[in-house]
Engineer: 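One structure, pasted below without further comment.
These numbers come from the heavy atoms of this one structure, side chains and all, not from hydrogens, waters or symmetry mates.
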Amino acid sequence: MKKPERLIGFVILDDIEYPFEFEEKTFSLHLYPPAVEIWEKNSDPIHLFQALSNQDHKNHEWVGQKRVEGITSESNNIIFCVLDSPANFHGFISFRVVWYFYYSKDLDIKRIEGFKITGHDVNLFYPPQVAFSSKFEPNDSGGSFDRITVTTNKQKNLYCGEYFVSDNVDAKVGVTAYISHYSNRAANPVQAISAMTTTFSAPVGIDTLIDSYYDIVNFFKYITYRNNVDIGDFEVFFVNEKNLREYEGLLVFPNKCEPESNEGKKERIIAYNLLTDRSTKIIDAIKSKHMGLRHICSSTDDQLNYPASRIIMIFAEFEREYRNIYGEESFRSDEYLTVKSEVVSLIDEYFRLQKGKKRQYTKQISDYVKKRDNSFRDNLMYALRDNEDIMSPFVSKRYEGTYDVLVDAMSSRMGVVRNGIAHSHLDLQFDAVHLSDIKIIEELIYAMRLKKIGLSLKECQMAINKLFAEYLAL
């Protein structure tokens with residue numbers, strides 16, 4: 001299903017049918033009063049002030065969202081999810097659109113069975129060149145070709161894995177490639193395209209579809225290490241009586257990030273040949289909050305910038321990954337854990353005998369001891385040593401010396417920086433070597449997770465080498 005060249009029609013708002021026009025550039029929905037009486041009411045200052053006074057600012061809530069439904073000029077259905085804070089220009093109302101769903105009357109929006117995405121980053125994840133073979137027959141002069149033959153290769157849908165979407169619904173993800181022919185394009189009549197398809201284990205509604213949208217977007221953010229991913233719109237399908245997919249819906253979100261300006265840098269991605277059927281384990285980790293994406297850059301160029309805010313997010317993500325993979329006290333001795341348990345028991349016993357403020361203070365001390373874990377320096381050192389086989393070539397590229405000595409020095413430096421930032425030490429000395437240290441932590445975060453989901457030593461190194469453009473001959 002294709003986007004219409006112009007998205008216009010009618011929608012229902014407050015039981016009134018308004019003509020609408022959607023503006024793609026600003027991703028805004030503009031409503032036109034259907035009658036002079038409606039326009040006069042909307043433009044009445046008393047009406048405007050009443051609308052403002054109905055907003056309860058004391059609840060300190062985010063601006064809400066609501067859905068506006070209607071029909072387009074092509075007699076297709078449309079649902080706009082808009083921010084519930086309309087602009088009013090002399091009685092003409094407009095909304096900022098969060099997303100819209102454009103679909104035919106053949107699609108039951110309560111029985112969506114899957115969707116397909118195509119886009120530049122999908123092509124990078126699974127290169128579409130596998131969809132065809134080329135054969136060249138040179139002429140006698142050797143300067144050109146008498147014949148060039150392009151043959152389509154039969155493609156299978158390769159398995160990326162499954163993940164939990166919502167109650168009693170799983171999603172199966174696969175990739176494939178196919179050929180499209182354009183008879184009106186003489187210069188390039190044949191194009192290879194890759195597609196990623198998500199199929200739900202049971203029919204779902206639009207809310208589950210939206211959840212799955214964010215799951216797939218977050219997956220591509222992780223494997224590209226940037227937020228400006230290009231995966232196109234979501235083509236939604238259902239399965240008909242002949243067991244064939246009918247693509248009768250289009251889910252569209254705005255592109256909030258600037259596209260990549262450097263085509264070469266777009267190649268940085270952890271591709272399907274490395275992740276294979278373990279791809280959806282990344283989605284599972286993100287959905288379960290074991291991984292975060294706040295440290296992800298807005299673009300590849302931004303990976304070269306290290307403001308304090310980004311450094312903090314990198315440190316925070318390392319600590320989150322460390323905690324979820326190794327645990328709070330991964331290398332503490334049995335003696336230490338025994339002593340800690342006994343001390344906590346003594347404090348808790350003292351707590352039961354106290355009242356008032358003393359009871360409150362005792363509780364605070366008990367919580368502090370329970371949550372007391374290893375230092376950032378200790379955790380970083382442990383993770384680097386545990387992943388020495390993966391990280392050794394990347395560490396050796398940036399520093400001279402033996403791995404253990406380098407790890408000890410790096411962990412100490414980063415421990416000082418982390419504590420300095422955490423405690424707002426404005427006189428913190430920040431040297432060039434710290435940038436190398438932070439880059440190693442970024443790569444270590446990926447090494448820990450990729451190892452956790454089952455990638456081999458070689459696969460982990462190849463993924464990091466490609467994603468961070470290390471250019472090492474592994």
Side-chain angles (χ1 to χ4, degrees), residues 1-3 99 101-104 106-107 112-134 150-163 165 170-182 185 188-201 203-204 208-224 228-240 242-253 255 259-260 266-267 269-283:
M1 193 172 193
K2 294 183 178 180
K3 288 182 185 177
W99 52 260
F101 186 48
Y102 174 74
Y103 63 103
S104 77
D106 294 329
L107 177 65
I112 295 169
E113 299 191 60
F115 60 86
K116 177 181 71 175
I117 57 172
T118 57
H120 185 83
D121 289 330
V122 182
N123 288 344
L124 293 180
F125 178 65
Y126 184 69
Q129 297 91 316
V130 298
F132 64 84
S133 300
S134 302
V150 177
T151 305
T152 302
N153 298 326
K154 188 175 182 180
Q155 291 296 304
K156 297 180 179 179
N157 192 48
L158 300 181
Y159 186 55
C160 296
E162 296 184 33
Y163 72 95
V165 180
D170 294 326
K172 182 183 293 185
V173 183
V175 288
T176 190
Y178 59 91
I179 295 290
S180 287
H181 178 256
Y182 303 92
R185 284 183 2 190
N188 185 20
V190 177
Q191 182 180 11
I193 301 171
S194 292
M196 175 179 281
T197 303
T198 298
T199 306
F200 299 115
S201 61
V204 303
T208 302
L209 176 67
I210 299 299
D211 290 341
S212 191
Y213 164 86
Y214 287 114
D215 295 336
I216 297 297
V217 169
N218 288 337
F219 169 75
F220 275 92
K221 287 181 179 181
Y222 180 83
I223 65 172
T224 60
N228 60 343
V229 294
D230 178 7
I231 57 175
D233 301 324
F234 279 45
E235 299 180 60
V236 177
F237 66 82
F238 69 94
V239 178
N240 63 20
K242 298 179 180 179
N243 204 33
L244 298 175
R245 293 173 180 172
E246 292 196 28
Y247 290 89
E248 296 294 338
L250 202 62
L251 177 64
V252 183
F253 277 74
N255 186 4
E260 282 292 318
K266 282 187 176 181
E267 302 297 325
I269 192 171
I270 306 176
Y272 174 79
N273 67 316
L274 297 177
L275 291 173
T276 63
D277 60 356
R278 298 159 295 195
S279 300
T280 53
K281 291 184 178 181
I282 292 172
I283 298 177

Engineer: Just wondering, do Phe238 and Glu246 contact through their side chains at under 4.5 Å, heavy atoms?
Structural biologist: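 Yes, side chains in contact.
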Engineer: Report the C-alpha separation of Phe220 and Ile117 in whole Å, then their side-chain angles, then the decisive distance to 0.1 Å, and conclude whether the side chain to side chain contact (heavy atoms under 4.5 Å, CB included) test is met.
Structural biologist: CA-CA 12 Å; Phe220 275 92; Ile117 57 172; 3.9 Å; yes
Engineer: May I ask you to check whether over 12 heavy atoms, not counting those of Lys221, lie within 6.0 Å of atom NZ?
Structural biologist: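 Correct, the count exceeds 12.
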Engineer: Quick check: closest heavy atoms across Phe219 and Met196, and the distance to 0.1 Å?
Structural biologist: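 Taking Phe219 first and Met196 second, the nearest heavy atoms are CE2-CE, 4.1 Å.
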Engineer: With a 4.5 Å cut-off on side-chain heavy atoms, are Ile216 and Phe234 touching?
Structural biologist: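 Phe234 vs Ile216: side chains touch.
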Engineer: Go through the steps for Phe115 and Tyr247 under the test side chain to side chain contact (heavy atoms under 4.5 Å, CB included), then give the verdict.
Structural biologist: CA-CA 8 Å; Phe115 60 86; Tyr247 290 89; over 6 Å; no
Engineer: Looking at every non-hydrogen atom in both residues, tell me the closest pair between Pro127 and Ser194 and how far apart they are.
Structural biologist: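 Heavy atoms of Pro127 and Ser194 come nearest at C-OG, 3.6 Å.
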Engineer: Looking at every heavy atom in both Ser104 and Met1, which two are closest together, and how far apart are they?
Structural biologist: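 Closest approach of Ser104 to Met1: N-CE, 3.6 Å.
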Engineer: Please enumerate all residues that pass ring pair (Phe, Tyr, Trp, His ring centres under 6.0 Å) together with Tyr178, with sequence neighbours excluded.
Structural biologist: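 Result, ring pair (Phe, Tyr, Trp, His ring centres under 6.0 Å) vs Tyr178: none returned.
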Engineer: Please tell me if the side chains of Leu251 and Ile210 come closer than 4.5 Å, counting only heavy atoms from C-beta onward.
Structural biologist: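 Yes - at least one pair of side-chain heavy atoms lies under 4.5 Å apart.
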Engineer: Out of curiosity, Tyr272 OH to Arg278 CZ, how far, rounded to the nearest 0.5 Å?
Structural biologist: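 So the gap between those two atoms works out to 9.5 Å.
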Engineer: Is any side-chain heavy atom of Phe237 less than 4.5 Å from a side-chain heavy atom of Thr197?
Structural biologist: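 With C-beta onward as the side chain, the pair touches.
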Engineer: Ile112 vs Tyr103, test: side chain to side chain contact (heavy atoms under 4.5 Å, CB included). Steps then yes/no.
Structural biologist: CA-CA 11 Å; Ile112 295 169; Tyr103 63 103; over 6 Å; no
Engineer: For the OG1 atom of Thr199 and the CG atom of Asn157, what is their distance to the nearest 0.5 Å?
Structural biologist: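 Answer for the OG1-CG pair, Thr199 versus Asn157, is 7.5 Å.
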Engineer: Do Ser212 and Thr198 have side chains that get closer than 4.5 Å, going by heavy atoms?
Structural biologist: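 In contact.
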Engineer: Mind listing the closest non-hydrogen atom pair of Val130 and Ala177 along with its distance?
Structural biologist: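 Taking every non-hydrogen atom into account, CG2-CB, 4.1 Å.
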Engineer: May I ask you to test the Val165-Val204 pair for a side-chain heavy-atom distance under 4.5 Å?
Structural biologist: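 No. Closest side-chain heavy atoms not under 4.5 Å.
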Engineer: Contact between Thr118 and Val122 at the side-chain level, heavy atoms closer than 4.5 Å - yes or no?
Structural biologist: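 The answer is no; the side chains never approach within 4.5 Å.
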Engineer: Could you measure the distance from the CG atom of Asn218 to the OH atom of Tyr213? Nearest 0.5 Å is fine.
Structural biologist: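 That separation rounds to 9.5 Å.
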Engineer: Taking all atoms of both residues into account, what is the closest heavy-atom pair of Leu275 and Ser279, and its distance?
Structural biologist: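 Looks like CB-OG, 3.4 Å.
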Engineer: Without swapping roles, check the side chain of Asp230 against the backbone of Asp121 for a donor-acceptor pair under 3.5 Å.
Structural biologist: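 Judged by distance alone, no pair lies under 3.5 Å.
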Engineer: Of all the heavy-atom pairs spanning Leu250 and Glu235, show the shortest one and how long it is.
Structural biologist: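 Where Leu250 meets Glu235 most closely, the heavy atoms are CD1-CG, 3.8 Å.
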Engineer: Measuring from atom CD1 of Ile283 to atom CG of Asp215, what distance do you get when rounded to the nearest 0.5 angstrom?
Structural biologist: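 That separation rounds to 6.0 Å.
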Engineer: Counting C-beta onward and ignoring hydrogens, is there a side-chain heavy-atom pair between Phe125 and Ile231 closer than 4.5 Å?
Structural biologist: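 No, side chains not in contact.
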Engineer: Between Val173 and Tyr163, does the side chain to side chain contact (heavy atoms under 4.5 Å, CB included) criterion hold? Intermediate values first, please.
Structural biologist: CA-CA 8 Å; Val173 183; Tyr163 72 95; 3.9 Å; yes
Engineer: Mind checking salt bridge (charged side-chain N to carboxylate O under 4.0 Å, His left out) for Arg245 and listing every partner two or more places apart, or none if nothing turns up?
Structural biologist: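 Here no residue qualifies.
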